[in-house]
2 protein chains.
Amino acid sequence: MSKPQGARQPTIKEVANLAGVSPMTASRTLAGGRNVRPDLQERVMAAVRELGYFRNENARSLRPGQPSGLIGIAITNLANPYYGSFALGVEEVAAEHGRRIILGNTGEDVARERQLVSDFIGRQVDGLILVPTSGDAAHLRPERLGHVPLVLASRRVPGLDVDTVLLDDVGGSYRGTISLLDAGHTRIGFLGNRTSVFTGERRYRGFERAMTERGVPIDTAIVARDQQDVDAASRAARVMLDLDEPPTAIFSANNRNSIGALREIGRRIRDGLPGPHPSMVSFDDFELSELMPVPVTVIDHDARLLGREAATLLFARLDDDTAEAARTVELPVTIEYP
Amino acid sequence: MSKPQGARQPTIKEVANLAGVSPMTASRTLAGGRNVRPDLQERVMAAVRELGYFRNENARSLRPGQPSGLIGIAITNLANPYYGSFALGVEEVAAEHGRRIILGNTGEDVARERQLVSDFIGRQVDGLILVPTSGDAAHLRPERLGHVPLVLASRRVPGLDVDTVLLDDVGGSYRGTISLLDAGHTRIGFLGNRTSVFTGERRYRGFERAMTERGVPIDTAIVARDQQDVDAASRAARVMLDLDEPPTAIFSANNRNSIGALREIGRRIRDGLPGPHPSMVSFDDFELSELMPVPVTVIDHDARLLGREAATLLFARLDDDTAEAARTVELPVTIEYP
DNA sequence: CAGCCTGTTGGTAACGTTACCAACCTCCAC
DNA sequence: GTGGAGGTTGGTAACGTTACCAACAGGCTG
């Protein structure tokens, strides 16, 4: 009375019996109907409709070598709009290839990443797409992955030679910094991620290169590289701007830091603190940047395209298994001046 | 030379042979090791490590009645940050219950939704969470779903009596509109979605209720209810603000319309058009709303919590299959004044 | 010491799919 | 008309898991 609540799913045998054919013919019909007489197909499909049968997609991958039609994705933070768009890009290309995605959020936790990846492989995914967390990456070596193809996105993993899609972090940061220098700024603050984060390192490098090239010294008092969230970024900006010699411009290496810095700048304007308030360059776009109270130059990129490229690399690897060397695609960024 | 490129996955038999036990014992060990002698478990695990075996999660759900550990989610637009957070909320709760999510993007296309749902069921998902598209919903009736539990989020589907999580759209819009009326506005524009979109209808209703209650007439010349994207919203705002009697405040029923309206307002300010420029109420938060050139009241909500609640409803249904009536959870919204 | 319970191990079957093989049909060319 | 080709149908096996049953050991109680 209590257990068989949920109206059991019909079996393929029941479908076959109702249609008056063998389970083989029923199964073949579900598989596309090659070499099955049209009238029998019709009877099978009628039985399928009547009983509400769904072809079991999991059973297909039971046989070794058969694709499951699943792509596993692990990203670091799905709440970040960029990663949502990234996942969408992957999903689109996967759908074009008749695949579905299994999605997991790592939250920058290596243990969770390891767990997700092994679960994905246990579900017989045809491929993996990861935004890797920074940490030990032994669990991502090909033999540990059962040789399931892997594509990395946004970040590279040291010692792991696999297909990768990246942004032009260095070039974008370089050009953004140059635009500040061209505008006459010589005292430029830097807000960014920990050095251990791949993009944090690269974006700092672009900043550094532009400064060095123009012979402008980098003052470590206005370089803050340890903010992961908006509030920490606000505090770092506040410290910088309270100095006796505050920066006249701030380079922010990502979205979270840009929002935090602008919150602090907005607060200072509202509180009537004396200016001039710093100009900004933000790596990562955010909406309504043109309405900010200080000029904001935006280094923008297309996260959805990044996802599409990652998936495209993966399917290229799946379709053509010639063991050519790992490929890296570096997507351009665009700079939008205020 | 060309085919067997990808180093075949080992079979359970190979693991069993290497460990010197029967496949049964190997399988039991992978399943948790109940009633298996510790030393045999150790030998099996050693063989698993050596061969790189992964327990096949798909094979489990082959037997009818066995859970697959998968939850299917279909949402309308993953690029919308709210839905990314929503998916994250679902993923978190699913992970807490040892489940993974399969994710699909419908893009408001009913055919795609139908296709996704039937694929999910074919993959033996234990449950479904949908942000339904507005359209024919015959494919969502329980018997068409093989009686897989379904939870709807954000929107209800007419004639479908299932567990649902909603926002307090009506109450939030009502209170937001009241705040404009309290501030003395009597000429209030409305920007929103098509009436056929569930939330569009509800949010208009809250707006209407507040206006009617205070006896303020609604002028259809400043009501625009057909914008789905930012650009359309900008154009609609422009038309409104170019009238001889422009609104002194605008109520925007969602994120996309708020951004569009503010772009247009920003443009007018930059171009030096005469004010006063309209105040705004925005259903849906967006970052840096406090830095806008006009006062913006925000009706905010927690999309991640919405996802968590949807998943919680689903797991309640899965754990306790007493066929109690469908439940609706309506989450509160918060109003942040400028 | 007989009987029984428990823990351990293996065997078998079933789930749905696909690969392979066997049997049968029709149809056409010779 | 005979033979072969090709289409159609069913059977069998295999994949890995879990439910069930059987067999056996060891230890316990009466």
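Residue numbers start from 1 in every chain, and the chains themselves are labelled A, B, ... in the order their sequence lines are given, proteins ahead of strands.
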>> Applying a 4.0 Å non-hydrogen cut-off, can you work out what B/Thr11 is touching in the nucleic acid: base, sugar-phosphate, or nothing?
In response: sugar-phosphate
> Please give, in whole Å, the distance from D/dT17 C1' to B/Leu30 CG?
Replying inline: 10 Å
> With a 3.5 Å cut-off and just heavy-atom distances, do the side chain of B/Arg28 and the base of C/dG10 make a donor-acceptor pair?
Replying inline: yes
> Any Lys/Arg nitrogen of A/Glu42 or A/Arg37 sitting under 4.0 Å from an Asp/Glu carboxylate oxygen of the other?
Replying inline: no
> Under 4.0 Å between a side-chain N or O of A/Arg37 and OP1 or OP2 of D/dT9?
Replying inline: yes
> Between C/dG16 and A/Gln9, is there an OP1 or OP2 to side-chain N/O distance shorter than 4.0 Å?
Replying inline: no
> What are the two closest non-hydrogen atoms of A/Arg327 and A/Arg317, and how far apart are they?
Replying inline: N-NH2, 4.2 Å
>> Nearest heavy atom decides the nucleotide; on that basis, is A/Phe54 or B/Ser22 closer to the 5' end of DNA chain C?
In response: B/Ser22
> Do B/Arg123 and B/Glu57 pass the salt bridge (Lys or Arg N to Asp or Glu O under 4.0 Å) test, and can you show the C-alpha distance, the side-chain angles, and the key distance before you say yes or no?
Replying inline: CA-CA 12 Å; B/Arg123 292 185 192 279; B/Glu57 299 290 334; over 6 Å; no
>> From the set D/dT17, D/dG10, C/dT17, return the single nucleotide nearest to any side-chain atom of A/Ile12.
In response: C/dT17
> Taking the nucleotide of DNA chain C with the closest heavy atom to each, which residue, B/Pro23 or B/Leu62, is nearer the 5' end?
Replying inline: B/Pro23
>> If the cut-off is 4.0 Å, is B/Asn35 near the phosphate of C/dT8, judged by side-chain N/O to OP1 or OP2?
In response: yes
>> Looking at D/dC15, I'd like to know if its phosphate oxygens (OP1 or OP2) sit under 4.0 Å from a side-chain N or O belonging to B/Tyr53.
In response: no
> Could you give the CG-to-P distance, from A/Leu51 to C/dG16, as a whole number of Å?
Replying inline: 12 Å
> Between D/dT8 atom P and A/Gln41 atom CD, what is the distance in whole Å?
Replying inline: 9 Å
> Does one side chain, of B/Arg156 or B/Thr328, offer a donor that lies under 3.5 Å from an acceptor on the other?
Replying inline: yes
> Should A/Arg304 and A/Asp302 count as an ion pair when the cut-off is N to O under 4.0 Å?
Replying inline: no
> Quick one: A/Arg34 CZ to D/dT9 C1', roughly how many Å, whole number?
Replying inline: 16 Å
> Over how many whole Å does the gap from B/Asn17 atom CG to C/dG10 atom C1' extend?
Replying inline: 14 Å
> Is a donor-acceptor contact shorter than 3.5 angstrom present between the side chain of A/Arg63 and the base of C/dT18?
Replying inline: yes
> Can you check whether B/Arg55 has a side-chain N or O nearer than 4.0 Å to OP1 or OP2 of D/dT18?
Replying inline: yes
>> Measure CD/B/Gln124 against P/D/dT18 and give the value in whole Å, please.
In response: 15 Å
> Quick one: do the A/His147 and B/Gln9 side chains pair a donor with an acceptor below 3.5 Å?
Replying inline: no
> Would one find a side-chain N or O of B/Gln66 under 4.0 angstrom from OP1 or OP2 of D/dA19?
Replying inline: yes
> Of all the nucleotides listed (D/dT9, C/dT8, C/dG16), which has the minimum atom distance to the side chain of A/Leu40?
Replying inline: D/dT9
> Between C/dT9 atom C1' and B/Met24 atom CE, what is the distance in whole Å?
Replying inline: 9 Å
> C/dC15 C1' sits how many Å from A/Lys13 NZ, rounded?
Replying inline: 9 Å
>> Strictly below 4.0 Å: does A/Ser27 bring a side-chain N or O up to OP1 or OP2 of C/dT17?
In response: yes
>> Categorize B/Asn56 for me: base, sugar-phosphate, or nothing, with a 4.0 angstrom heavy-atom threshold over every strand shown.
In response: sugar-phosphate
